[in-house]
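Have a look at the structure below before the remarks.
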Amino acid sequence: MLKQFLVLILFVSGTVVAQERISTTINSNWLFYKGDTTKKTKDEKWATVSIPHTWNALDVNDEESGYYRGEGWYKTTIYVPSNWKEKDIYLFFEGVGQVADIYINGTKVGTHRGSYNAFSFPVSQYLTFSPDKNTPNELVVRVDNIHNENIPPLSGDFTFFGGIYRDVYLKAINKIHFDADNYASSGVFITTPSVNQDNAAVQIKGAFVNNGQNNKKIIVSQQIYDASGKLMNEQKKQFNIHAGEKLDFAQEFKNIKGHHLW
């Protein structure tokens with residue numbers, strides 16, 4: 001395997017914008033209710049929790065056989081600064097077991113099925129922006145780990161924990177950015193089609209989008225550095241992208257010399 005460092009940058013009119021991503025965790029100050037909130041009772045109580053969280057953590061300590069596979073609800077309040085209004089905002093989950101329905105300010109954002117992969121939703125249209133943290137947004141997540149024959153794995157020698165068991169982030173990125181809707185990935189995919197002692201090749205594929213209102217000239221710049229920080233290779237390519245357009249790109253470094261193998 002090739003041991004080098006690749007830096008990928010997107011330039012718009014001479015300004016680096018695509019890598020200007022603001023990412024903040026929203027793991028604190030959640031409320032949790034175990035059960036179905038649509039069947040409310042006067043004894044309904046919400047517990048204060050922090051993410052990561054699972055409702056199965058103490059099931060092995062009780063006297064009931066098995067473990068709880070059912071429904072749970074999470075809710076929290078988030079404040080979005082007004083200077084994010086001109087950016088694309090994404091709600092990013094590293095993992096939820098196993099079905100998650102996401103709501104912001106009472107409107108359903110989307111559903112994700114599957115416990116073991118990250119997912120994200122664009123949420124700008126659902127948010128209220130606040131300059132002084134005086135305008136809250138309510139984020140609600142309904143989760144269940146009920147056995148579902150359409151969601152693998154169906155069995156295993158482990159507990160199918162329910163809950164938001166990995167970190168949650170709110171991310172703000174510029175209107176022109178690498179594709180953030182590709183299964184919660186960075187939108188950039190790097191492979192090494194050939195590597196040996198004498199030379200190596202690196203291939204970079206991906207896509208970028210222009211969610212702004214104007215057409216733009218884009219330069220995708222890629223640099224490969226060795227372990228000491230020395231620039232080994234560099235490529236640049238210009239694209240013209242219209243407002244509302246998504247463009248794919250693919251570039252390859254061939255015959256890389258002076259590389260180190262793992």
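- Between the side chain of T192 and the main chain of S194, no donor-acceptor pair closer than 3.5 Å is present.
- H147 approaches L154 most closely through the heavy-atom pair CE1-O, 3.7 Å.
- Here the side chain of S124 pairs a donor or acceptor atom with the backbone of I89 at under 3.5 angstrom.
- Of the possible donor and acceptor atoms, none in the side chain of N56 sits under 3.5 Å from a partner among the backbone N and O of D59.
- Counting heavy atoms from C-beta on, the side chains of F32 and K75 never come closer than 4.5 Å.
- With hydrogens and angles ignored, the 3.5 Å screen pairs a side-chain donor or acceptor of N137 with a backbone N or O of T128.
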Practice task
Just do the salt bridge (charged side-chain N to carboxylate O under 4.0 Å, His left out) check on K205 and D248 with the steps written out, would you?
Solution key: CA-CA 8 Å; K205 291 183 177 181; D248 296 325; over 6 Å; no
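- Residues D181 and Y90 bring a donor and an acceptor atom of their side chains to less than 3.5 Å of each other.
- A donor-acceptor contact shorter than 3.5 Å links the side chain of S186 to the backbone of V188.
- Judged by distance alone, with hydrogens and angles left aside, the side-chain atoms of N27 form a donor-acceptor pair with the main-chain N or O of V168 at under 3.5 Å.
- For the atom pair OG1 (T25) and CG (D167), the distance works out to 6.5 Å, reported to the nearest 0.5 Å.
- Atom CG of L91 and atom CD1 of I78 lie 6.5 Å apart (nearest 0.5 Å).
- Side-chain atoms of N182 do not come within 3.5 Å of backbone N or O of S185 as any donor-acceptor pair.
- When every heavy atom of A201 is checked against every heavy atom of P193, the shortest pair comes out as O-CD, 3.4 Å.
- Hydrophobic cluster membership is shared by F121 and V96, with clusters built from Ile, Leu, Val, Met, Phe, Trp and Tyr side chains linked at under 4.5 angstrom.
- If you take CD on E94 and CG on N117, they are separated by 12.0 Å, rounding to the nearest 0.5 Å.
- Counting only heavy atoms from C-beta outward, the side chains of I51 and Y165 never approach each other to under 4.5 Å.
- Atom-to-atom distance recorded for N145:CG and T54:OG1 is 7.5 Å, nearest 0.5 angstrom.
- Side-chain contact between I102 and T111: absent, with no pair of heavy atoms (C-beta onward) separated by less than 4.5 Å.
- Panel note: side chain R113, backbone V99; no donor-acceptor pair is recorded below 3.5 Å.
- Using modelled atom types, one side-chain atom of Q98 and one backbone atom of I146 make a donor-acceptor pair closer than 3.5 Å.
- S115 approaches G97 most closely through the heavy-atom pair OG-CA, 3.4 Å.
- No side-chain donor from either of T107 and N105 sits under 3.5 Å from a side-chain acceptor of the other.
- Within the cation-pi definition used here (under 6.0 Å to the ring centroid, within 45° of the axis), K34 qualifies as a partner of Y68.
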Practice task
Please report the C-alpha distance between Q223 and F253 in whole Å, then the side-chain angles of each, then the deciding distance to 0.1 Å, and finally whether the side-chain contact (heavy atoms from CB on, under 4.5 Å) criterion is met.
Solution key: CA-CA 10 Å; Q223 300 98 31; F253 292 91; over 6 Å; no
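- For Y33 and W46, the distance between ring centers is under 6.0 angstrom.
- In this structure, the ring of F208 has its center no less than 6.0 angstrom from the ring center of H177.
- With no hydrogens or angles considered, no side-chain donor-acceptor pair links Q222 and E234 at under 3.5 Å.
- The minimum heavy-atom distance linking W30 with L139 is given by the pair CH2-CD2, 3.6 Å.
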Exercise for the section: Report the C-alpha distance between F239 and K216 in whole Å, list the side-chain angles of each, state the deciding distance to 0.1 Å, and finish with yes or no for side-chain contact (heavy atoms from CB on, under 4.5 Å). Expected result: CA-CA 8 Å; F239 300 84; K216 291 290 184 178; over 6 Å; no
Practice task
Let me see the working for L31 and V49 under side-chain contact (heavy atoms from CB on, under 4.5 Å), right down to the final yes or no.
Solution key: CA-CA 6 Å; L31 294 175; V49 300; over 6 Å; no
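- Applying the ring-ring contact (aromatic ring centres under 6.0 Å, His included) criterion to F160, with sequence neighbours excluded, gives F158.
- Annotation for A180 and S120: closest pair O-OG, 3.9 Å, computed over non-hydrogen atoms.
- Between the side chain of Y126 and the backbone N or O of Y103, no donor-acceptor pair lies under 3.5 Å.
- Taking NZ of K254 as the start and CG of N233 as the end, the distance is 13.5 Å to the nearest 0.5 Å.
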Exercise for the section: Assess whether salt bridge (charged side-chain N to carboxylate O under 4.0 Å, His left out) is satisfied between E86 and K175, documenting all intermediate values. Expected result: CA-CA 7 Å; E86 300 305 317; K175 290 291 185 180; over 6 Å; no
Practice task
Could you go through the side-chain contact (heavy atoms from CB on, under 4.5 Å) check for I219 and K237 one step at a time?
Solution key: CA-CA 5 Å; I219 297 175; K237 187 173 181 179; over 6 Å; no
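- In terms of heavy-atom proximity, T77 sits nearest to P136 at CG2-CB, 3.3 Å.
- There is no side-chain donor-acceptor pair under 3.5 Å between N29 and T76.
- Cation-pi geometry between K171 and F92 is satisfied (NZ or CZ under 6.0 Å from the ring centre, within 45° of the ring normal).
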